[in-house]
Structures are given as C-alpha cells and as structure tokens.
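Quick notes on the structure that follows.
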Number of protein chains: 2
Amino acid sequence: MNLQDATNILKEKGYKTTGKRKDILEFFSSEDGYRCAKDLIAYLENKYGAISFDTIYRNLHLYHQLGILEKTNLNGEKHFRLSCSHHHHHHFICKDCGKTKEIDICPMDTAAAKLTNYEIDDHKFEIYGRCPACQHA
Amino acid sequence: MNLQDATNILKEKGYKTTGKRKDILEFFSSEDGYRCAKDLIAYLENKYGAISFDTIYRNLHLYHQLGILEKTNLNGEKHFRLSCSHHHHHHFICKDCGKTKEIDICPMDTAAAKLTNYEIDDHKFEIYGRCPACQHA
DNA sequence: CTCAAAAATCGTAATCATTCCTATTTACAA
DNA sequence: TTGTAAATAGGAATGATTACGATTTTTGAG
C-alpha cells in the first residue's frame, strides 16, 4: 500500500480528498512501523498548530475500515501502520520503536482444521520484543 | 490452574487471603472464558453492594503478575481468564461469549529461527470468531 | 467561474476504562 | 490478644477515545 493506492481507494469510494487526509497518509508513509493517535497529533500540530480529535480518530477509523491502515493494540493504545497488502503475513513488533518485521509464517491453515463448527472471523499472530537497532541504543 | 493452586501461590508469596480475593478467584473459576473488569465488578456488587475500583484492578494485576490470570486485550478493554498452566498453547476466543478453545499449535519455533538478532519477549496467537453455541443463539 | 449540498473539520464536552490518593479496616504473625 | 504491614474504601484524577453542534471546505452541476 502506497500513497497513490490509498488516494485511489478514497476517490473510488466517494470520500473527499482533503489536505489533512493527505497529511495523514504522508505521515504513515514516512513512518515505518506502528504509530498511535498521539504520534499523529504531534505530527499534524507541528504543521497546523492545532487539530481536532474528531479529525484524527474519524480518519484513522476510515482508513482502517478501507483497509488502508492496519490496527493493533499495544498496551491499551490503538496503533496503526500502512497495510502491506501484497500478501498475507504477520509481524514482529519492536516494543521500543514500533518498527515491524514481516513474518511469513501463518499457523491458520492447520489451526482452522481443528476448529470445525467454529466460525472464524479473524486471527492475530504477533511477536513482541526489541529490534537489533533498539538493543544497541 | 484451580482455586486451590491460586490460593497456595498467594500464601507462598506472602499475600493475604482476603474475602474479596477469594471471591475474585471464585468468579473466574465459575466463568469459562475471558472476562473484563466490568463483569467482575457486576459480580462483586451483587454480593457487596459496592466495591472499590482499586480492589478490582489491584487484584487483577496481582493475579496476572503471579501467573494466576491470563490477560488479553479485546477491543480496547483488558480481559482475563484463569491460566491454563499445564502446557503452552493458544486460544480461539468467541467474540460473543468470551469462551475459549485451546489450540495446540504454536508457530514460535519456526518463527524465532527467522528472527536472529531480534530479542523476543513475548508473542500472541489468537483466533477470533463465534463458537458453535453462539452461532445458534 | 459560481453556488449549493454534502462532507469534513473545529473546538470542546462527555464518556469510559483505568490509575492514583488518603483514610480506614483487616489479616495474621508474634 | 495485639501491633503492624497489607488491603480496601471512596472518590478524584488521568488518558484515550467518542460525541456533537457550529463552521468551513470540497466537489460537481450549471
């Protein structure tokens, strides 16, 4: 998922392309890992001086709903990153910097076989720790 | 993990066995799945009329820290269940009733091999959906 | 280009889960 | 039984998120 893809999705679905929406996409493009609302607010306040919570959360939800952002919960706070839509995979997530590394292992195929009669909607496989860079810092 | 195991752990570590602590353990013993602070409060208020948040959260944390309760985050709310300490496994979690089913698959071994130089502290593998009972309700 | 309708944003108040604080009560070891 | 450290009460404070009426902006038709 890149900036252009995301903008196309917005247009296709009939959402308006506003300056703030572009800024939010640019923020997540420039960041490489999971970021929370607070991080985004800091980025936008740097440019605009003040920003409404409504704008922040409405757009985070919209982007998540459109599949543009992935969401996860890190110690009680929602975090987002640009979707990597090319293929299904999971992530190692650094607890210090939020950066991620793709893990191409997905245990769902074998797991689903053991869940006959269960309706499966979603799953999560995440590994938490510290990336090489943060271990040295 | 059963009620007796949990009580023993408390004693061993020098924590006092109070009436409320026993009630909390009984609540989680009687429930079969992930429950949140709100559920616990409802249960205890039924018995005591009122209960301090402090008591609820302090004890939830204590039990989690002692390995008596497992914790997970379900739509921004912390949920707990009695630890199943006999062996390492993961869970299917019903979105409707919170009940769980053990999954004996853990992808960590193969995943860790792909993360040399990464410090791995923790991992989560959860499957979400609806259990057979809730599909019929 | 202009204008109106719909959508988006603003500023702020409200909500909800959780944490924190001080006074009081309780468990339990001596 | 008694002293004391630990636990609880009751409520205020915090922090993330949601809600809402008023205002502004985007966009597309004319």
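Side chains are part of it too, since the values below use all heavy atoms of this structure and drop only hydrogens, waters and symmetry mates. A, B, ... follow the sequence lines: proteins, then strands. Residue 1 opens every chain. Keep in mind it's a predicted model, so treat the numbers as computed, not measured.
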With sequence neighbours left out, write down each residue that passes side-chain contact (heavy atoms from CB on, under 4.5 Å) with B/Ala111, or none if nothing qualifies.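 Listed in chain order: A/Ile103, A/Ile105, A/Phe125, A/Ile127, B/Met108.
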Sequence-distant partners of A/Asp54, side-chain contact (heavy atoms from CB on, under 4.5 Å), two or more places apart: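 So A/Asp54 forms a side-chain contact (heavy atoms from CB on, under 4.5 Å) with A/Ser52, A/Arg58.
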Mutual orientation of the aromatic rings belonging to [X] and [Y] [parallel < 30°, tilted 30-60°, perpendicular > 60°]:
| X | Y | answer |
| --- | --- | --- |
| A/His88 | A/His123 | tilted |
| A/Phe92 | B/Tyr118 | perpendicular |
| A/His89 | A/His91 | perpendicular |

Starting at [atom1] of [X] and ending at [atom2] of [N], how long is that distance when rounded to a whole Å?
| X | N | atom1 | atom2 | result |
| --- | --- | --- | --- | --- |
| B/Lys20 | D/dA6 | NZ | C1' | 14 Å |
| B/Ile56 | D/dT8 | CD1 | C1' | 11 Å |
| B/Lys47 | D/dA9 | NZ | P | 13 Å |
| A/Asp23 | C/dA8 | CG | P | 16 Å |
| A/Asn73 | C/dA17 | CG | P | 14 Å |
| A/Gln65 | D/dT18 | CD | P | 13 Å |
| A/Ile51 | C/dG11 | CD1 | C1' | 12 Å |
| A/Lys71 | D/dA16 | NZ | P | 16 Å |

Using the C1' atoms of five pairs at each end, what's the angle between the two axes of the helix from C/dC1-D/dG30 to C/dA30-D/dT1, to 10 degrees?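 Inter-axis angle at the ends, rounded: 30°.
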Return the residues of residues 24-45 of chain A meeting this criterion: a heavy atom under 4.0 Å from some atom of DNA chain C. Order them by number, or give none.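 Contacting residues: none.
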OP1 or OP2 of C/dT9 less than 4.0 angstrom from a side-chain nitrogen or oxygen of A/Arg58, does that happen here?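 The answer is yes; a side-chain N or O of A/Arg58 sits under 4.0 Å from OP1 or OP2.
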So does B/Asn75 get a side-chain nitrogen or oxygen closer than 4.0 Å to the phosphate oxygens (OP1/OP2) of C/dA17?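 No, no such contact exists.
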Are B/Cys94 and B/Thr100 close enough that some pair of their side-chain heavy atoms sits under 4.5 Å apart?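 Result no, sub-4.5 Å side-chain heavy-atom pair not found.
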Start with the C-alpha distance between A/Asp23 and A/Lys47, add both sets of side-chain angles, then the distance that settles salt bridge (Lys or Arg N to Asp or Glu O under 4.0 Å), and finish with yes or no. CA-CA 9 Å; A/Asp23 291 330; A/Lys47 183 166 179 179; 2.9 Å; yes
In 5'-to-3' order, the base (B), backbone-only (S) or no-contact (-) status of each nucleotide in nucleotides 20-26 of chain C, using a 4.0 angstrom heavy-atom cut-off, is BB-----
CZ of B/Phe27: more than 12 outside heavy atoms within 6.0 angstrom?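 More than 12 within 6.0 Å, yes.
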Counting only heavy atoms not in A/Asn2, do more than 12 sit closer than 6.0 Å to its CG atom?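 Check passes, neighbour count above 12.
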Is the shortest distance from a Lys or Arg side-chain nitrogen in A/Lys95 or B/Asp121 to a carboxylate oxygen in the other one below 4.0 Å?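 A salt bridge links A/Lys95 with B/Asp121.
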Presence of salt bridge, B/Lys99 and B/Glu31, under 4.0 angstrom: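 Salt bridge absent between B/Glu31 and B/Lys99.
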Go nucleotide by nucleotide along DNA chain D from the 5' end; which of A/Lys11 and A/His61 gets its closest nucleotide reached first?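 Per heavy-atom nearest nucleotide, the more 5' residue is A/His61.
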Counting only side-chain heavy atoms from C-beta out, which of C/dT9, D/dA16, C/dT19 sits nearest to B/Tyr57?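 Between C/dT9, D/dA16, C/dT19, the one nearest the side chain of B/Tyr57 would be C/dT19.
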Would you mind telling me which of C/dC28, C/dC10, C/dT19 lies closest to the side-chain atoms of B/Thr17?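 Looking only at side-chain atoms, B/Thr17 lies closest to C/dC28.
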For a quick check of understanding: with a heavy-atom distance under 4.0 Å over all strands, which category does A/Arg21 fall into, base, sugar-phosphate or nothing?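 A/Arg21: backbone/sugar contact only, no base atoms under 4.0 Å.
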Results of side-chain hydrogen bond (donor to acceptor under 3.5 Å, both in side chains) for A/Thr72 - residues two or more places apart only: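 For A/Thr72, the residues satisfying side-chain hydrogen bond (donor to acceptor under 3.5 Å, both in side chains) (neighbours in sequence not counted) are A/Lys124, A/Glu126.
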